[in-house]
> 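This is the structure I want to talk about, given as structure tokens.
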Amino acid sequence: MNKFNQCTYTMILIFTCLIASPMIFKQIWTNSAEKKKESKASIEDIDIRKGQTTEPDIPVDVPVPSASGEAPSQGITDLSVPGTTQDPSGNVIFTPPADVWTEAPGVSAPSFVQGDYSYFDNALFIGDSRTVGIKEYGSLNNADFFCKEGLSTYDAKSSSENGDLAQMLSSGKYKKVYIMLGINEIGNDLDSTFNNFKGLVENVRAKASDAVIFLQANMHVSFDAQTPSINNERINALNQKISSLADNSGIYYIDINPVFDDEKGNLQDGYTSDGVHVLGAIYQKWSEWYCLYTIPVP
């Protein structure tokens, strides 16, 4: 190749690069932006599934009970366990089926009366992270709480003997005490967990003798959240033991699971993001559900 041709080809190559470079860089920039957009979308999807950005739109269509004493008149029965009657005064009474209370000689079915939020003015809730959820996202703002994430039956029992919980119970303030514990120890020996729970109940009875005690069933987990040691079969076994402590004369057993379960007895996927706790909006429903199961206290 002579010098003239070499120079000509060089000029053509330079000219081609000058023309093509902007188009190449534009395409690279476009592809990069698309990848960033796709990456951001996938991260947001993961966050939604984890409940870190937003929650599925779960309608809360149940009327809120008023603090003035007016009970909700419609909708709230959608959350109840089947079995409603009225007493001679016209009050709605909820009698749960036998599978959610202890049927034993001399123990009759409890008759729960529909109340309102003022019922919890002198109530104390004892529990773990699920009770923390009720405290933070529910509507029982007039109640007191002794709860923390990971609270065990052993720690609660110990605190009810000489700790902070013992002081609260001995104050004479509380006429209703709600207890929900055991899920954090469901993989351990159930008899040991139950004995700690029973000891806690005995301490509550000794220090707050005038209080009505509500033993709450541990809420189920979702199907996908179950493991060989943490599963709804074990939760049911512990709940059955807990229910045996109810005498329906000062100590009552209530069970939220029929409200939140799917047809197979697992926590509904649409109500949870982690399989263990319900979504924030559901704690509102849970709070309203409590109003269905009240026992008048003198």
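Bear in mind the structure is a predicted one, so any value in this text is a computation, not a measurement. Computed from heavy atoms alone, side chains included, the values below leave out hydrogens, waters and symmetry copies.
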> When hydrophobic residues are tied together by side-chain contacts of less than 4.5 Å, even through go-betweens, does Phe223 share a cluster with Val276?
no

> State, to 0.1 Å, how close Ser222 and Asp269 come at their nearest heavy-atom pair, and which atoms those are.
CB-OD1, 3.7 Å

> Suppose we screen for ring-ring contact (aromatic ring centres under 6.0 Å, His included). Which residues come up paired with Phe125, at least two apart in sequence or across chains?
Phe145, Tyr178, Tyr290

> Going by the rule side chain to side chain donor-acceptor pair (under 3.5 Å), which residues pair with Asn231 if we only count those two or more places apart in sequence or in a different chain?
none

> Could you measure the distance from the CG atom of Asn232 to the CG atom of Asn257? Nearest 0.5 Å is fine.
7.5 Å

> Give me the ring orientation class for Trp286 and Tyr283: parallel if the planes are under 30° apart, tilted from 30 to 60°, perpendicular past 60°.
parallel

> Can you sort out the partners of Lys241 under salt bridge (charged side-chain N to carboxylate O under 4.0 Å, His left out), two or more places apart, ordered by chain and number?
Asp191

> Between Asp116 and Ser118, is a side chain to side chain donor-acceptor pair (under 3.5 Å) present by the stated rule, with each step listed?
CA-CA 6 Å; Asp116 59 78; Ser118 66; 2.4 Å; yes

> Please report the shortest heavy-atom distance between Gly250 and Tyr252, naming the atom on each side.
N-CE1, 3.4 Å

> For atom CD of Glu161, decide whether the heavy atoms of other residues, nucleotides or ligands shown that lie under 6.0 angstrom number more than 12.
yes

> If I compare all heavy atoms of Leu165 with all of Ala156, which pair ends up nearest, and what's the gap?
CD2-O, 3.7 Å

> Looking at every heavy atom in both Cys147 and Thr131, which two are closest together, and how far apart are they?
CB-CG2, 3.9 Å

> Do Val132 and Leu140 sit in the same hydrophobic cluster, where Ile, Leu, Val, Met, Phe, Trp and Tyr count as joined when their side-chain heavy atoms come under 4.5 Å apart?
no

> Among residues at least two apart in sequence or on other chains, which ones pass ring-ring contact (aromatic ring centres under 6.0 Å, His included) with Phe146?
none

> Evaluate the side chain to side chain donor-acceptor pair (under 3.5 Å) criterion for residues Asn239 and Asp255: first the C-alpha distance (whole Å), next the side-chain angles of each, then the deciding distance (0.1 Å), finally the verdict.
CA-CA 9 Å; Asn239 285 345; Asp255 188 355; 5.3 Å; no

> List the atom of Ile235, the atom of Asn218, and the distance in Å for their closest heavy-atom pair.
CG2-O, 3.5 Å

> Test: side-chain hydrogen bond (donor to acceptor under 3.5 Å, both in side chains). Region: residues 197-208. Which pairs qualify, not counting sequence neighbours?
Ser160-Asn203

> Are Tyr271 and Tyr137 connected into the same hydrophobic cluster when the rule is that any two of I, L, V, M, F, W, Y join if their side-chain heavy atoms are below 4.5 Å apart?
yes

> Among Ser158, Ser152, Ser159, exactly one meets side chain to side chain donor-acceptor pair (under 3.5 Å) together with Asp155. Which residue is that?
Ser152

> Is there side-chain contact between Lys175 and Asp210, with at least one heavy-atom pair below 4.5 Å?
yes

> Should Val204 and Tyr154 be counted in the same cluster of Ile, Leu, Val, Met, Phe, Trp and Tyr side chains packed under 4.5 Å apart?
no

> Measure the CD1-CG distance between Ile213 and Leu245 for me, rounded to the nearest 0.5 Å.
9.5 Å

> Quick one: are Ile179 and Gln216 in side-chain contact, heavy atoms under 4.5 Å?
no

> Using the rule that Ile, Leu, Val, Met, Phe, Trp and Tyr join whenever any side-chain heavy atoms are under 4.5 Å apart, tell me whether Phe194 and Ile230 fall into a single cluster.
yes

> Flag the pair Leu238 / Thr193 as yes when at least one side-chain heavy-atom distance between them is below 4.5 Å, and no otherwise.
yes

> Start with the C-alpha gap between Phe120 and Asn141, add the side-chain angles, then the distance that decides, and say whether side-chain contact (heavy atoms from CB on, under 4.5 Å) holds.
CA-CA 9 Å; Phe120 304 98; Asn141 301 323; over 6 Å; no

> Is Lys173 close to Leu124 at the side-chain level, that is, under 4.5 Å between some pair of heavy atoms?
no

> How would you list all residue pairs meeting salt bridge (Lys or Arg N to Asp or Glu O under 4.0 Å) that involve residues 215-238, not counting sequence neighbours?
none

> For Ser129, which of Lys148, Glu149, His277 qualifies under side chain to side chain donor-acceptor pair (under 3.5 Å)?
His277

> Do Leu267 and Met219 come within less than 4.5 Å of each other through their side chains, counting heavy atoms only?
yes

> So, for Tyr293 and Ile254, which heavy atoms are closest and what is the spacing to 0.1 Å?
CB-CG2, 4.1 Å

> To the nearest 0.5 Å, what is the distance between CG on Leu151 and CG on Asp128?
6.5 Å

> Yes or no on side chain to side chain donor-acceptor pair (under 3.5 Å) for Asn142 and Tyr117, after CA distance, side-chain angles and deciding distance?
CA-CA 8 Å; Asn142 49 332; Tyr117 283 155; over 6 Å; no

> Using side-chain contact (heavy atoms from CB on, under 4.5 Å), reason through Ile251 and Phe214 one step at a time and then give a plain yes or no.
CA-CA 6 Å; Ile251 303 178; Phe214 293 89; over 6 Å; no

> Determine, step by step, whether Thr272 and Asp274 satisfy the side chain to side chain donor-acceptor pair (under 3.5 Å) criterion, reporting the C-alpha distance in whole Å, the side-chain angles of both residues, the deciding distance to 0.1 Å, and the verdict.
CA-CA 6 Å; Thr272 180; Asp274 63 4; 3.3 Å; yes

